[in-house]
There are 2 protein chains.
Amino acid sequence: MVANRNSIIRLSRYKNALNRLQSLGFVKVFSDNLADAVGCTASQVRKDFSLFGISGNKKGGYQIDNLLEKLQYILGKDKIQKVIIVGAGNIASALMKYKGFEKEGIRLTAAFDIDPSKFKKNNEIPILPLEELKTVVKENQIRIAIIAVPDVAAQQVADLLFEAGIKGILNFAPTRIKSPDDCVVNYVNLEHELENLIYFVNVLDKTKVK
Amino acid sequence: MVANRNSIIRLSRYKNALNRLQSLGFVKVFSDNLADAVGCTASQVRKDFSLFGISGNKKGGYQIDNLLEKLQYILGKDKIQKVIIVGAGNIASALMKYKGFEKEGIRLTAAFDIDPSKFKKNNEIPILPLEELKTVVKENQIRIAIIAVPDVAAQQVADLLFEAGIKGILNFAPTRIKSPDDCVVNYVNLEHELENLIYFVNVLDKTKVK
DNA sequence: TTTTTTTTGCGATTTTTTTCACAAAAAATA
DNA sequence: TATTTTTTGTGAAAAAAATCGCAAAAAAAA
Ligand SMILES: NC(=O)c1ccc[n+]([C@@H]2O[C@H](COP(=O)([O-])OP(=O)(O)OC[C@H]3O[C@@H](n4cnc5c(N)ncnc54)[C@H](O)[C@@H]3O)[C@@H](O)[C@H]2O)c1
Ligand SMILES: NC(=O)c1ccc[n+]([C@@H]2O[C@H](COP(=O)([O-])OP(=O)(O)OC[C@H]3O[C@@H](n4cnc5c(N)ncnc54)[C@H](O)[C@@H]3O)[C@@H](O)[C@H]2O)c1
């Protein structure tokens with residue numbers, strides 16, 4: 001397949017930029033506007049579109065509404081995506097309070113924890129005992145989960161999720177997850193993001209001296 | 001330079017794996033152990049080390065303590081890295097409560113907000129008025145900042161940070177930041193991470209049918 | 001109507017990244 | 001001591017990703 005992680009991330013970025021342009025009243029866009037907006041080259045934009053079979057109009061650029069529709073379809077935004085969270089701690093509570101997911105068609109359906117003091121059955125996003133996870137996943141046909149438990153619990157939680165039928169995990173715990181072949185695990189490791197930043201700040205600092 | 005974002009992220013992963021192995025009592029490690037631990041190939045591990053001038057012992061693998069030291073030096077972990085946060089909202093409060101950063105030599109020094117109701121001068125990590133940002137950055141020679149403000153405020157906050165002398169930003173807001181040449185901006189976009197996951201779950205789902 | 005200008009689409013080329021493959025070193029074994 | 005085994009280190013090869021370059025289409029101008 002043509003798609004790799006970076007190309008899909010770029011599609012998400014194009015989508016964001018298009019939403020912004022649309023809300024500013026723009027109707028069409030050229031590849032170099034998009035390139036500007038997301039920080040890549042115009043030929044990268046066109047190549048990405050070409051690989052996904054998206055075409056525009058010579059000299060006319062791309063119709064924003066049409067382009068958005070296609071990107072949204074590719075990114076699975078034609079339907080609401082239900083997501084659960086395991087581990088109702090600090091990260092989870094930031095995510096649950098965030099209003100931006102719903103706007104993007106991502107619905108946090110429920111959170112789960114082992115600690116009974118965290119349970120809140122009547123919240124808008126209920127926090128439920130781990131024991132109910134399987135039922136909720138099955139009844140709602142949920143395929144995506146977020147892991148926000150301490151690192152030591154991450155693998156066992158992942159195993160439970162796979163058993164329940166989850167196919168994709170976004171893992172905040174700094175632990176590599178062993179997963180079945182038909183499942184995907186993506187990682188958000190904030191320490192590593194900061195280390196990365198520190199490295200490149202140091203590099204720039206050193207090259208400046210020369 | 002040899003380094004790109006992915007290779008540095010891999011170094012962070014090796015470091016994590018090594019810490020774990022060390023705490024389990026291991027003293028040496030082979031490239032294929034590390035490959036296993038982080039999910040890449042053994043030759044990738046050796047090539048990465050080779051590019052950073054790290055060498056081991058033929059037939060003897062790598063000395064964990066020695067290797068860790070070198071990785072930590074490359075990743076700037078030989079000194080404590082002070083970091084500030086702008087926007088003391090949901091994300092920021094999750095980050096401030098997290099104990100893992102200090103263990104990794106990353107010290108959240110202060111947070112800043114424009115909303116006076118958020119100020120907490122006496123917290124362990126104080127939440128201060130934006131006006132004090134410049135002074136704190138200068139006095140502590142801070143180079144790294146995290147942006148956790150609403151998207152509309154992100155660019156103006158970034159400009160303020162650059163003016164104060166910040167060289168690297170980790171941006172949680174879903175907005176591209178225009179930055180000077182000698183500064184780095186990395187992005188954490190959780191919507192995009194979830195979209196990515198959804199895309200690849202859909203792809204796997206479709207290929208399975210065939 | 002003809003010419004010029006602009007912008008796409010995509011094959012070709014270049015660059016970057018990953019994997020391969022094997023000599024060399026060193027330990028283990030015979 | 002000689003042979004076998006194991007593992008590194010790194011050029012060479014392959015694969016993947018990004019960029020280039022230009023024909024073709026279409027709008028705008030002449
Ligand atoms: N908070 C941050 O800013 C931050 C930053 C980087 C990484 N992380 C990582 O994200 C993860 C979550 O961090 P946090 O700060 O939200 O942690 P937290 O301690 O606030 O929350 C963890 C929650 O998981 C629950 N839990 C523990 N074991 C469980 C299990 N087996 N099943 C279900 N629930 C379980 C706990 O009861 C708790 O409510 C951790 O792995 C952490 O390393 C967090
Ligand atoms: N919370 C999440 O889970 C989540 C998920 C994805 C993305 N994000 C993004 O992260 C950012 C922060 O999200 P949040 O949920 O923490 O938001 P929040 O609304 O809880 O907090 C934002 C804080 O920024 C402060 N602020 C506003 N303008 C400011 C300015 N100019 N200078 C300084 N402070 C200012 C506000 O007073 C508030 O305290 C947003 O851009 C959001 O889109 C958050």
Side-chain angles (χ1 to χ4, degrees), chain A residues 1-14 17-18 21 26-71 74 192 196 199-200 203, chain B residues 1-14 17-18 21 26-71 74 176 192 196 199-200 203 207:
Chain A
M1 220 292 171
V2 291
N4 58 63
R5 187 188 143 83
N6 287 338
S7 69
I8 303 300
I9 291 284
R10 283 197 302 270
L11 295 196
S12 286
R13 289 184 178 155
Y14 301 146
L18 289 167
L21 289 169
F26 288 92
V27 170
K28 66 177 191 177
V29 71
F30 300 122
S31 56
D32 64 330
N33 305 142
L34 277 174
D36 248 29
V38 313
C40 67
T41 64
S43 37
Q44 177 88 80
V45 174
R46 295 201 300 276
K47 177 67 85 176
D48 281 337
F49 289 172
S50 155
L51 291 174
F52 285 98
I54 294 172
S55 58
N57 312 299
K58 303 229 157 138
K59 179 124 190 184
Y62 302 83
Q63 210 65 24
I64 291 181
D65 52 1
N66 182 259
L67 186 49
L68 259 175
E69 214 165 87
K70 284 175 178 159
L71 291 178
I74 293 167
H192 292 182
N196 203 265
Y199 176 85
F200 284 105
V203 166
Chain B
M1 219 290 169
V2 291
N4 58 62
R5 185 186 146 83
N6 287 339
S7 69
I8 302 300
I9 291 283
R10 283 197 302 271
L11 294 196
S12 287
R13 289 184 178 155
Y14 301 146
L18 289 167
L21 288 169
F26 289 93
V27 170
K28 65 177 192 177
V29 70
F30 301 121
S31 57
D32 63 331
N33 305 141
L34 277 174
D36 248 29
V38 313
C40 68
T41 64
S43 38
Q44 178 89 80
V45 174
R46 295 200 302 274
K47 177 66 86 175
D48 282 337
F49 289 172
S50 157
L51 292 173
F52 286 97
I54 294 172
S55 59
N57 313 300
K58 304 232 158 135
K59 178 122 190 186
Y62 302 84
Q63 210 66 23
I64 291 180
D65 53 0
N66 183 260
L67 187 48
L68 260 175
E69 216 164 87
K70 284 176 177 158
L71 291 177
I74 293 168
R176 192 177 157 69
H192 292 182
N196 203 264
Y199 176 85
F200 285 106
V203 166
T207 54

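Throughout, protein chains are lettered first and strands after them, A, B, ... in sequence-line order, and every chain is numbered starting at 1.
- Between the P atom of D/dT7 and the CZ atom of B/Phe49 lies a distance of 16 Å, rounded to the nearest Å.
- When each of B/Lys47 and A/Arg5 is assigned the nucleotide of DNA chain D bearing its nearest heavy atom, the one mapping closer to the 5' terminus is B/Lys47.
- Straight-line distance from the CG atom of B/Leu51 to the C1' atom of C/dT19: 13 Å, rounded to whole Å.
- In this structure, the CD1 atom of A/Ile54 is 13 Å from the P atom of C/dT8, given to the nearest Å.
- In this structure, B/Phe52 places its CZ atom 18 Å from P of D/dT8, rounding to the nearest Å.
- A/Tyr199 approaches B/Ile74 most closely through the heavy-atom pair CD1-O, 3.3 Å.
- Of the side-chain N and O atoms in A/Ser31, one or more sit less than 4.0 angstrom from OP1 or OP2 of C/dT8.
- For C/dT8, the OP1/OP2 oxygens have a side-chain nitrogen or oxygen of A/Arg46 closer than 4.0 Å.
- Taking atom CG of residue A/Asp32 and atom P of nucleotide C/dG9, one finds them 14 Å apart after rounding to whole Å.
- Using a 4.0 Å heavy-atom criterion, one finds that B/Ser55 contacts the sugar-phosphate atoms exclusively.
- Listed by first and then second residue, the side-chain hydrogen bond (donor to acceptor under 3.5 Å, both in side chains) pairs that reach into residues 54-63 of chain A come to none, sequence neighbours excluded.
- Nucleic acid contact class of B/Ser7 (heavy atoms, under 4.0 Å, all strands): none.
- Residues A/Arg5 and B/Asn196 share a closest heavy-atom pair of O-ND2, 3.4 Å.
- In this structure, A/Asp48 places its CG atom 14 Å from C1' of D/dA16, rounding to the nearest Å.
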With a cut-off of 3.5 Å and sequence neighbours excluded, list every side-chain donor-acceptor pair involving residues 34-47 of chain A.
residue: A/Thr41; atom: OG1; partner: A/Gln44; partner atom: N; Å: 3.1
residue: A/Arg46; atom: NH1; partner: A/Ser31; partner atom: OG; Å: 3.1

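- Taken residue by residue, residues 57-69 of chain B places heavy atoms nearer than 4.0 Å to DNA chain D at B/Asn57, B/Lys58, B/Lys59, B/Gly61, B/Tyr62.
- Within the 4.0 Å cut-off from OP1 or OP2 of C/dT19, at least one side-chain nitrogen or oxygen of B/Gln44 is found.
- At least one side-chain heavy atom of B/Leu67 sits under 4.5 Å from a side-chain heavy atom of B/Phe49.
- When heavy atoms are screened at a 4.0 angstrom cut-off, B/Arg10 is found touching the sugar-phosphate backbone but no base atom.
- Backbone-only engagement by B/Thr41 is indicated by non-hydrogen atom pairs under 4.0 Å involving sugar-phosphate atoms exclusively.
- Closest non-hydrogen pair, A/Leu71 versus A/Leu11, comes out as CD2-CD2, 3.9 Å.
- With rounding to the nearest 0.5 Å, the separation of CD1 in B/Ile9 from NE2 in A/His192 is 7.0 Å.
- For A/Ser50 and C/dC10, the shortest distance from a side-chain N or O to OP1 or OP2 is below 4.0 Å.
- D/dA30 is paired with C/dT1 under the Watson-Crick or G-U wobble criterion, all donor-acceptor distances under 3.5 Å.
- Of the candidate nucleotides C/dC10, D/dA18, C/dT7, D/dA18 has the atom nearest to the side chain of A/Asn6.
- Across B/Ala3 and B/Phe52, no two heavy atoms sit closer than the pair CB-CZ, 3.9 Å.
- The separation between A/Phe30 atom CZ and C/dG9 atom C1' is 16 Å, rounded to whole Å.
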